[in-house]
Amino acid sequence: MDLLYKQYPVHIENSLLGKKELLIPVVEGRIGMYVCGPTVYSNVHLGNARTFTSFDFIFRYLSHLGYKVRYVRNITDAGHLENDGDEGEDKIAKKARLEELEPMEIVQRYTVDFHKIMQQLNALPPSIEPTATGHIVEQIEMTKTIIDRGWAYVSNGSVYFDVDTYNRDGGDYGILSGRKIDELQEGSRVLEGQEEKRNPSDFALWKKASPTHIMRWPSPWSVGFPGWHLECSAMSTKYLGEEFDIHGGGMDLKFPHHECEIAQNIATNSKKGAKYWLHANMLTLNGKRMSKSTGNTILPSELFNGDSPLLIKGFNPSVVRFFMMQAHYSSVLDFSNDALLAAEKGHQKLMSAWIKLKGLASSKESTWNLQAWLDKCYLSLSDNFNSPIFISHLFEAIKMINQSENQIPLVQSDLDLLTQKMDAFIFDILGLQVDEQGSSQSDALDKAMDLVISLRAKARENKDWKTADIIRDELAAAGIKLKDGANGTSYEF
RNA sequence: GGUUCCGUGGCCGAGUGGCUAGGCACUGGUCUGCAAAACCAGCUACAGCGGUUCGAAUCCGCUCGGAACCUCCA
């Protein structure tokens with residue numbers, strides 16, 4: 001049998017070219033994917049979580065297709081400047097100073113928070129999760145190489161990438177974002193402390209630390225810290241090679257971060273790193289980008305437990321994930337209570353059908369075209385990871401399942417295949433989870449419920465509606481919903 | 001000001017030249033002691049104005065509205 005990725009070749013929208021292309025891995029059967037991770041100086045907000053959930057879904061699908069995927073997602077724990085001038089301060093160091101903590105305490109706290117949230121959202125851990133501080137040596141080496149090749153200069157102990165010279169030598173700074181350097185300089189903000197740079201568009205590879213700066217490492221140029229853009233170049237090269245397949249990140253990193261990464265890669269080894277660039281779009285709240293300064297923000301933990309003035313209730317992480325998956329990763333997704341509520345219902349319908357499917361019997365012949373449906377599902381996923389279309393196909397199957405009384409219009413082998421594929425689609429690829437309580441239902445509980453249901457059935461036989469309704473209402477209050485059907489009563493959480 | 005992108009039915013959200021996703025909500029019906037669920041049916045839209053075309057939500061132009069980025073951003 002053909003491998004799935006050969007049967008359903010993946011096409012992805014490459015931000016570098018602005019068009020969809022066939023994914024052809026550098027090494028057949030393997031995918032190297034790098035995603036820019038979070039800067040761990042505060043709790044991840046929901047927008048961050050969306051980006052990582054999007055790439056988790058992509059990782060899951062590529063793996064499902066049979067690719068051997070090495071997924072590298074870094075933790076930025078140093079080198080992320082507040083601004084690029086002399087007053088530039090490392091984000092981690094700033095937070096540490098404000099909270100009077102050791103920088104690595106900040107890093108530890110928010111790394112743990114990040115992992116916890118991503119786990120709740122059922123995101124798989126990446127294959128490698130390297131940290132910037134763990135790769136200072138590599139970053140220094142890369143800086144040396146770029147200086148040696150003539151595209152960086154030392155200024156007062158700091159090292160800057162020389163964008164003008166790089167482009168004059170045939171570099172293509174601006175290729176990703178479509179920006180032209182001349183325009184950039186005209187439009188750029190006036191920043192303090194730019195005098196170390198020859199040119200405003202130059203960016204730091206290494207920054208000399210001020211006497212009070214608390215994160216510092218020795219280097220040939222000064223005691224200091226690496227520039228933000230450099231870590232991703234250094235770590236992606238180290239773990240995925242000079243040429244690898246996919247580089248992902250939030251849309252807001254396209255410029256300057258990813259633009260700088262490409263320039264650094266080419267300046268180091270004449271190769272631009274990733275073949276395909278993917279950008280996950282922003283999550284907006286009330287039509288605006290989330291921002292801590294304006295209060296237009298929500299933390300995943302608040303969303304899960306409902307502890308926010310913006311929410312009427314909490315939502316299960318799997319519902320949140322389903323909500324995100326109903327939009328394409330490359331589209332802006334607007335967040336609202338109503339949208340979440342709708343997603344919750346849809347999620348419930350999906351899970352109910354999944355549970356029903358497992359209890360259905362097969363038929364003597366298949367009158368539902370399983371293969372055609374499978375093709376549609378895979379084609380939608382392979383078409384630039386189109387999760388919304390994919391989910392719409394899922395609901396076609398759900399309709400068929402719900403139309404089935406006790407028998408599904410499929411022979412046993414088809415029923416087995418459908419069950420296996422639904423399992424893979426819902427849980428392995430979309431990464432959804434059945435309600436924890438629902439999945440933990442034990443035999444004992446089943447027996448107890450059977451008893452309660454039969455008692456209620458008796459009451460109903462005797463037209464003792466009062467007793468029947470008390471049982472149903474009390475169970476409902478306890479979170480157990482009874483459903484009277486033609487073939488008896490079932491329950492769910 | 002520059003770059004990129006978007007404006008789809010009550011809401012969310014796909015589609016990107018013809019065959020008009022899907023979810024949620026709503027209305028009617030089936031089922032049912034009632035309810036819930038499910039099923040059936042209905043509601044059927046593409047910001048506005050022009051243009052190209054046999055045909056445009058989809059391509060082009062303009063107008064209006066919104067978003068992201070332009071060295072903190074996922």
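Every chain is numbered from 1, with letters handed out A, B, ... down the list of sequences.
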Asker: Going by purine N1 to pyrimidine N3 plus the second Watson-Crick contact, or the G-U wobble pair, all under 3.5 Å, which nucleotide sits opposite rG55(B)?
Answerer: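 Partner of rG55(B): none found under 3.5 Å.
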
Asker: Given atom CD1 of I117(A) and atom C1' of rA74(B), what is their separation to the nearest angstrom?
Answerer: 15 Å

Asker: Determine, for E261(A) against K254(A), whether the closest basic-nitrogen to carboxylate-oxygen distance falls under 4.0 angstrom.
Answerer: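 Not counted as a salt bridge, because no side-chain N and carboxylate O are separated by less than 4.0 Å.
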
Asker: Between the protein and nucleotides 13-20 of chain B, which nitrogen or oxygen pairs come in under 3.5 angstrom?
Answerer:
{"from": "rG13(B)", "atom 1": "OP1", "to": "D334(A)", "atom 2": "N", "distance (Å)": "3.0"}
{"from": "rG13(B)", "atom 1": "O2'", "to": "Q326(A)", "atom 2": "O", "distance (Å)": "3.3"}
{"from": "rA14(B)", "atom 1": "OP1", "to": "H328(A)", "atom 2": "N", "distance (Å)": "2.8"}
{"from": "rA14(B)", "atom 1": "OP1", "to": "S331(A)", "atom 2": "OG", "distance (Å)": "3.1"}
{"from": "rG15(B)", "atom 1": "OP1", "to": "N386(A)", "atom 2": "ND2", "distance (Å)": "3.1"}

Asker: How close or far is atom P of rG33(B) from atom CZ of R456(A), stated in whole angstroms?
Answerer: 11 Å

Asker: Measuring only the C1' atom in each nucleotide, how far is rA37(B) from rC24(B)? A whole number of Å is fine.
Answerer: 16 Å

Asker: Output every pair passing salt bridge (charged side-chain N to carboxylate O under 4.0 Å, His left out) with a member in residues 372-401 of chain A, not counting sequence neighbours, ordered by first then second residue.
Answerer: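 Qualifying pairs: K20(A)-D383(A), K376(A)-E396(A).
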
Asker: Where each residue is assigned the nucleotide of RNA chain B containing its nearest heavy atom, which of W465(A) and F52(A) is assigned the position nearer the 5′ end?
Answerer: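 Whichever sits nearer the 5' end wins; that is W465(A).
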
Asker: Check every atom of rG33(B), rA74(B), rU71(B) against the side chain of A468(A) and return the nucleotide holding the closest atom.
Answerer: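 So the side chain of A468(A) is nearest to rG33(B).
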
Asker: Between atom CE in M400(A) and atom P in rC40(B), what is the gap in whole Å?
Answerer: 13 Å

Asker: Does the pair D164(A) and R198(A) meet the rule for a salt bridge (Lys or Arg N to Asp or Glu O under 4.0 Å), with working shown?
Answerer: CA-CA 9 Å; D164(A) 261 5; R198(A) 290 179 189 167; over 6 Å; no

Asker: Measure from NZ or CZ of R73(A) to the centre of the six-membered ring of F55(A), then state whether that distance is under 6.0 Å and the direction lies within 45° of the axis.
Answerer: no

Asker: If we call it a pair only when both distances are under 3.5 Å in a Watson-Crick or G-U wobble match, what pairs with rU44(B)?
Answerer: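 Base partner found: none.
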
Asker: Hey, what's the ring geometry for W277(A) with H279(A), parallel, tilted or perpendicular (30° and 60° as the breaks)?
Answerer: parallel

Asker: Can a salt bridge be assigned to the pair K116(A) and D113(A) using a cut-off of 4.0 Å between side-chain N and carboxylate O?
Answerer: no

Asker: For rC39(B), give the paired nucleotide (Watson-Crick: N1-N3 plus N6-O4 or O6-N4; G-U: N1-O2 and O6-N3; both under 3.5 Å), or none.
Answerer: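 Partner of rC39(B): rG29(B).
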
Asker: Rounded to the Å, how far apart are M251(A) CE and rC6(B) C1'?
Answerer: 11 Å

Asker: Using the side-chain heavy atoms of D469(A), tell me which of these nucleotides is nearest: rC39(B), rG33(B), rC69(B).
Answerer: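 From the listed options, rG33(B) comes nearest.
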
Asker: Please measure how far the C1' atom in rG48(B) lies from the corresponding atom in rG66(B), and state the result in whole Å.
Answerer: 15 Å

Asker: In whole angstrom, what separates H257(A)'s NE2 from rU71(B)'s C1'?
Answerer: 12 Å

Asker: Take the protein atom CG of L278(A) and the nucleotide atom P of rA74(B), then report the distance between them rounded to whole Å.
Answerer: 18 Å

Asker: For M324(A) and rC12(B), what is the distance between atoms CE and P respectively, to the nearest whole Å?
Answerer: 17 Å

Asker: Can you tell me, in whole Å, how much space there is between the P of rC34(B) and that of rU30(B)?
Answerer: 11 Å

Asker: Can you tell me, in whole Å, how much space there is between the P of rU20(B) and that of rC43(B)?
Answerer: 14 Å

Asker: Distance check, C1' atoms only: rG7(B) and rU27(B), in whole angstrom units.
Answerer: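 It comes out at 29 Å once rounded to the nearest Å.
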
Asker: Can you tell me the pairing partner of rA21(B) across any strand shown, Watson-Crick or G-U wobble, with both distances under 3.5 angstrom?
Answerer: none

Asker: Say you pick atom C1' in rC11(B) and the same atom in rA45(B); how far apart are they, in whole Å?
Answerer: 13 Å

Asker: Is the phosphate of rC34(B) approached by K466(A) (side-chain N or O, under 4.0 Å from OP1 or OP2)?
Answerer: no

Asker: Answer with base, sugar-phosphate or nothing: what part of the nucleic acid does N402(A) contact at a heavy-atom distance below 4.0 Å?
Answerer: sugar-phosphate

Asker: Check W151(A), F161(A), Y160(A), Y166(A) against F203(A) for a ring pair (Phe, Tyr, Trp, His ring centres under 6.0 Å) and give me the one that passes.
Answerer: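 Testing F203(A) for a ring pair (Phe, Tyr, Trp, His ring centres under 6.0 Å) against W151(A), F161(A), Y160(A), Y166(A) leaves exactly one candidate, F161(A).
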
Asker: When the C1' atoms of rG33(B) and rC46(B) are compared, how many Å lie between them, rounded to an integer?
Answerer: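 Nearest-Å result for rC46(B) against rG33(B) at atom C1': 46 Å.
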
Asker: Mind checking whether F57(A) and F385(A) have parallel, tilted or perpendicular rings, split at 30° and 60°?
Answerer: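 Rings of F57(A) and F385(A): perpendicular, over 60°.
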
Asker: Describe the nucleic acid contact of K356(A) in one word from base, sugar-phosphate, nothing, applying a heavy-atom distance below 4.0 Å.
Answerer: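 Answer is nothing: K356(A) stays at 4.0 Å or more from every strand.
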
Asker: Can you tell me which nucleotide in rC69(B), rA74(B), rU71(B) comes closest to the side chain of S201(A)?
Answerer: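 Side chain of S201(A) sits closest to rU71(B).
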
Asker: What distance, rounded to whole Å, do you find between the two C1' atoms, one in rG9(B) and one in rA47(B)?
Answerer: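 Going atom to atom, C1' in each nucleotide, I get 14 Å.
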
Asker: In whole Å, I'd like the distance from the CG atom of N337(A) to the C1' atom of rG10(B).
Answerer: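 Checked: the CG to C1' distance equals 17 Å.
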
Asker: Kindly give the atom pairs (protein nitrogen or oxygen, nucleotide nitrogen or oxygen) under 3.5 Å for nucleotides 24-27 of chain B.
Answerer:
{"from": "rA25(B)", "atom 1": "OP1", "to": "K345(A)", "atom 2": "NZ", "distance (Å)": "2.5"}

Asker: 5'-most contact on RNA chain B: I398(A) or S392(A), nearest heavy atom basis?
Answerer: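 Its nucleotide being nearer the 5' end, the pick is S392(A).
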
Asker: What are the two closest heavy atoms between S404(A) and P409(A), and how far apart are they?
Answerer: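 S404(A) and P409(A) have their closest heavy atoms at OG-CD, 3.5 Å.
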
Asker: Please report whether the ring centroid of Y61(A) lies less than 6.0 Å from that of Y8(A).
Answerer: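 Centroid distance Y8(A)-Y61(A): not below 6.0 Å, so no.
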
Asker: Within the structure shown, what part of the strands sits under 4.0 Å from G249(A) by heavy-atom distance: base, sugar-phosphate, or nothing?
Answerer: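 The answer is sugar-phosphate, as G249(A) gets under 4.0 Å only of primed atoms, P, OP1 or OP2.
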
Asker: If we call it a pair only when both distances are under 3.5 Å in a Watson-Crick or G-U wobble match, what pairs with rC69(B)?
Answerer: rG2(B)

Asker: What closest approach, in Å, do K95(A) and E99(A) show between heavy atoms, and which atom pair accounts for it?
Answerer: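 Result for this residue pair: CE-OE2, 2.7 Å.
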
Asker: Would you state whether a donor and an acceptor, one from the side chain of R472(A) and one from the base of rA35(B), lie under 3.5 Å apart?
Answerer: yes

Asker: Should the pair H247(A) and H258(A) be assigned to parallel (<30°), tilted (30 to 60°) or perpendicular (>60°) ring geometry?
Answerer: perpendicular

Asker: Of the options rA74(B), rC34(B), rC72(B), whose atoms approach the side-chain atoms of R460(A) most closely?
Answerer: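 Side chain of R460(A) sits closest to rC34(B).
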
Asker: Let's test this: given Watson-Crick or G-U wobble pairing with both distances under 3.5 Å, identify the partner of rG7(B).
Answerer: rC64(B)

